[in-house]
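Below is one structure, written out as structure tokens; the observations come after it.
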Amino acid sequence: MTDTIISSATKEVVIGFDRPFVMIGERINPTGRKLLAAEMKEGNFDRVSADAIAQVAGGAQMLDVNAGIPLADEPALLAQAIELVQAVTDVPLSIDSSIIEALEAGCAVYQGKPLINSVTGEDEQMERVLPLVKKYGAAVVAISNDETGISEDPDVRFEVARKIVNRASDYGIPAADIVVDPLVMPIGAVGQAGQQVFRLLRRLQSELKVNTTCGASNVSFGLPERNWITGTFLAMAISNGMTSAIMNPLHDEVKKIVKAADVLAGHDQDCGAWISAQREGGDPSGAGETGGAPRRRGGRRARLAES
């Protein structure tokens, strides 16, 4: 079975088929968060620090860090944010940008083995990102779209993922260091979005034998009571082989559904994590999910924002 190992200076996280689902905190992303964007642009990282600490306290095993702000020096901001987050938390990070210079700046200051977010199936981008992955001994998120865009056919997306895995191999990057994002579309706009992802997840696990992730909140964008849609999607995705997700760990109902799915999937030995959480009074909760605007992240595709 495939294990993807990500590490900080002091902590290792393993994403794997038979392991507990890995929650990657999404909130350090200024897209769709005007106040955070303004503060980061001015060099104020207080909110970044607070968000990092809160997400880890809320159960995130990893954190995604993004500094994509229009007209700002993204490489410098991303490097600063990564250094700060690593100073206040000990969890591994996902370095999130569509700008190669920002990814390089982030990797240069990172302590440990990061997850680079991301590379697509576009030839030009693979030629730029994959050497960076190899240089820093990182793992990478592979987004299953290419020059033709995002196909609604999961078999086409699978072939894009296969292309990235094969090209990565040419650079000496093993499949264990590829975490495929099958691309989750809003179910309110694409009625078969869930089924498309579930079908693709099964093939990614059984044929490519790669781990997977996604921007979980995309699926519920524009719908009322979003947390229940997001949580149920994640439970079904876990049952079809998804091994991690970029999500908000402060949403208590979503997190509890994920933990329950781990129990039912056999990933929580003797239900130990579930029982422990309940004895401690349940997992910490945060504010409810809101319907933010679409936001850009690594790989030139939208992950929908939460304020």
Side-chain angles (χ1 to χ4, degrees), residues 1-6 12-24 61-62 64 92 94 115-121 130 133 138-146 150-169 173-185 187 190 192-216 218-219 230-247 254 257-269 273 299 301 303:
M1 306 298 281
T2 302
D3 281 344
T4 301
I5 300 171
I6 315 294
E12 185 177 275
V13 168
V14 183
I15 303 172
F17 300 160
D18 292 327
R19 296 179 179 271
F21 191 76
V22 173
M23 295 186 292
I24 306 171
Q61 297 101 324
M62 292 179 57
D64 187 77
S94 165
L115 177 64
I116 291 176
N117 191 2
S118 55
V119 65
T120 69
L130 292 177
V133 175
V140 65
V141 174
I143 297 181
S144 52
N145 71 283
D146 58 13
I150 302 172
S151 174
E152 290 197 21
D153 184 344
D155 293 331
V156 173
R157 293 190 207 173
F158 177 83
E159 291 305 325
V160 174
R162 190 207 300 271
K163 175 183 176 182
I164 298 172
V165 170
N166 288 341
R167 188 69 61 85
S169 179
I173 301 166
D177 282 336
I178 309 294
V179 181
V180 174
D181 184 338
L183 289 171
V184 178
M185 307 302 290
I187 194 70
V190 182
Q192 292 299 307
Q195 291 302 314
Q196 291 170 2
V197 168
F198 303 149
R199 177 177 166 185
L200 181 49
L201 286 171
R202 293 190 293 270
R203 292 196 67 191
L204 290 169
Q205 185 180 84
S206 64
E207 297 180 45
L208 283 187
K209 295 178 172 52
V210 291
N211 285 302
T212 45
T213 195
C214 72
N218 275 13
V219 73
T230 301
T232 303
F233 164 77
L234 283 172
M236 297 178 71
I238 289 169
S239 73
N240 282 280
M242 184 166 279
T243 50
S244 70
I246 299 169
M247 55 182 285
V254 176
I257 292 172
V258 167
K259 295 294 187 184
D262 263 346
V263 170
L264 296 171
H267 300 158
D268 182 359
Q269 187 174 6
R301 59 96 175 166
R303 184 172 80 235

> Of the non-hydrogen atoms in Ile257 and Ala235, which two are nearest, and what is the gap between them?
Replying inline: CG2-CB, 3.8 Å
> Would you find a donor on one side and an acceptor on the other, under 3.5 Å apart, between the side chain of Ser244 and the backbone of Thr212?
Replying inline: yes
> Considering all heavy atoms of both residues, which atom of Met242 and which atom of Pro182 are nearest to each other, and what is their separation?
Replying inline: CE-CG, 4.0 Å
> How far apart are the closest heavy atoms of Asp181 and Gly215, and which atoms are they?
Replying inline: OD2-N, 4.3 Å
>> For a side chain to side chain contact (heavy atoms under 4.5 Å, CB included) check, start with the C-alpha distance between Val254 and Met247, then their side-chain angles and the critical distance, and finish with the verdict.
In response: CA-CA 9 Å; Val254 176; Met247 55 182 285; 3.7 Å; yes
> Quick one: are Leu130 and Arg167 in side-chain contact, heavy atoms under 4.5 Å?
Replying inline: yes
> To the nearest 0.5 Å, what is the distance between CG (Leu204) and CZ (Arg199)?
Replying inline: 12.0 Å
>> Can you confirm whether Pro92 sits close enough to Glu12 that some side-chain heavy atom of one is under 4.5 Å from a side-chain heavy atom of the other?
In response: no
> Would a 4.5 Å heavy-atom cut-off, applied to side chains only, mark Ile24 and Gln61 as touching?
Replying inline: no
> Is there side-chain contact between Asn145 and Leu183, with at least one heavy-atom pair below 4.5 Å?
Replying inline: yes
> So, does Arg157 use its side chain to make a donor-acceptor pair with the main chain of Leu200 at under 3.5 Å?
Replying inline: no
>> To the nearest 0.5 Å, what is the distance between CZ on Arg202 and CD on Glu207?
In response: 11.5 Å
> Between Ile178 and Ala142, which heavy-atom pair has the shortest distance, and what is it?
Replying inline: CG2-CB, 3.7 Å
>> How long is the straight-line distance from CD1 of Ile164 back to OG1 of Thr120, given to the nearest 0.5 Å?
In response: 6.0 Å
> Does the Thr2 side chain pair with the main chain of Val210, one donor and one acceptor, at a distance under 3.5 Å?
Replying inline: no
> Taking atom CG of Asp262 and atom CD of Gln269, what is their separation to the nearest 0.5 Å?
Replying inline: 12.5 Å
> Between Thr213 and Val141, is any pair of side-chain heavy atoms under 4.5 Å apart?
Replying inline: yes
> Does Asn211 use its side chain to pair, donor to acceptor, with the backbone of Thr243 at less than 3.5 Å?
Replying inline: no
>> Is the shortest side-chain heavy-atom distance between Val22 and Met62 below 4.5 Å?
In response: yes
>> Tell me the closest heavy-atom pair linking Thr4 and Ala139, and the distance in Å.
In response: CG2-CB, 4.1 Å
> Quick one: does Asp268's side chain have a donor or acceptor within less than 3.5 Å of a partner on Ala273's backbone?
Replying inline: yes
>> Between Cys214 and Phe233, is there a side-chain heavy-atom distance shorter than 4.5 Å?
In response: yes
> Which atom pair, heavy atoms only, marks the closest approach of Leu201 to Ala237?
Replying inline: CD1-O, 3.7 Å
> Given Asp153 and Phe158, is the side chain to side chain contact (heavy atoms under 4.5 Å, CB included) satisfied, shown in steps?
Replying inline: CA-CA 9 Å; Asp153 184 344; Phe158 177 83; over 6 Å; no
> Is there a donor-acceptor pair closer than 3.5 Å between any side-chain N or O of His267 and the backbone N or O of Phe17?
Replying inline: yes
> What do the steps show when you test Asn240 against Gln205 for side chain to side chain contact (heavy atoms under 4.5 Å, CB included), and what is the final call?
Replying inline: CA-CA 9 Å; Asn240 282 280; Gln205 185 180 84; over 6 Å; no
> Are any side-chain N or O atoms of Ser94 and backbone N or O atoms of Asn117, one a donor and one an acceptor, separated by less than 3.5 Å?
Replying inline: no
> Taking the side chain as C-beta and beyond, is there a heavy-atom pair between Ser144 and Glu159 under 4.5 Å?
Replying inline: no
>> Apply side chain to side chain contact (heavy atoms under 4.5 Å, CB included) to residues Arg203 and Leu208 and explain how you reach the verdict.
In response: CA-CA 7 Å; Arg203 292 196 67 191; Leu208 283 187; over 6 Å; no
